[in-house]
Amino acid sequence: MNGQNRKDIYPGLLVDIILKKDQRSGELTRGIVKNLLTSAPFHSRGIKVRLEDGQIGRVAAIPDQDEDF
């Protein structure tokens, strides 16, 4: 999944996000969703979330939930 639909994302989900500072490089940061910051049901660049460690970014990908964190 690509993280553009709000219905696919929920607290506790393992996701890969792009932080604002990494938009040019495209470097991904992996973490667990704490809460969703985008209220729209769809966003073309990805739903904005806050991770449990406090980092904020847009969801770029939703990896297999069986992968190690």
Side-chain angles (χ1 to χ4, degrees):
M1 286 186 263
N2 59 17
Q4 293 179 325
N5 293 305
R6 193 174 196 277
K7 66 179 175 56
D8 297 334
I9 301 167
Y10 51 88
L13 182 68
L14 179 66
V15 295
D16 291 331
I17 66 168
I18 297 179
L19 301 172
K20 185 81 168 176
K21 69 180 181 77
D22 295 330
Q23 284 180 343
R24 286 184 182 263
S25 68
E27 182 180 341
L28 298 177
T29 302
R30 184 163 285 185
I32 307 290
V33 174
K34 181 176 182 179
N35 54 357
L36 284 70
L37 303 177
T38 299
S39 60
F42 175 84
H43 195 285
S44 61
R45 284 172 283 155
I47 300 298
K48 190 178 277 189
V49 298
R50 176 179 289 119
L51 300 181
E52 288 184 343
D53 64 5
Q55 297 184 92
I56 295 174
R58 294 197 180 273
V59 177
I62 301 173
D64 259 347
Q65 299 304 296
D66 298 335
E67 290 184 31
D68 289 335
F69 173 56

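Computed from a prediction, not measured in an experiment: that's the story for all the values here.
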| request: Could you tell me which non-hydrogen atom of Ile56 sits nearest to which non-hydrogen atom of Leu19, and how far apart they are? | output: O-CD2, 3.3 Å
| query | Of all heavy-atom pairs between Val15 and Ile17, which one has the smallest distance, and what is that distance? | reply | CG2-CG2, 3.8 Å
| field | Spatial distance of atom CG (Leu13) from atom CG (Leu51) [nearest 0.5 Å] | value | 10.5 Å
| task | Would you check if the side chain of Glu52 reaches a backbone N or O of Gly31 as a donor-acceptor pair within less than 3.5 Å? | result | no
Between side-chain atoms of residues 38-48 and protein atoms elsewhere (two or more places apart, or another chain), which donor-acceptor pairs fall under 3.5 Å?
unit_1, atom_1, unit_2, atom_2, d
Thr38, OG1, Lys48, N, 2.8
His43, ND1, Arg45, N, 3.1

| request: May I have all residue pairs that pass side chain to side chain donor-acceptor pair (under 3.5 Å) and include part of residues 2-22, sequence neighbours excluded? | output: Asn2-Gln4, Asp16-Arg30
| task | Determine the minimum heavy-atom distance between Pro11 and Leu36, stating which atoms define it. | result | CD-CD1, 4.1 Å
| remark: Tracing side-chain contacts under 4.5 Å among Ile, Leu, Val, Met, Phe, Trp and Tyr outward from Leu28 reaches Ile18
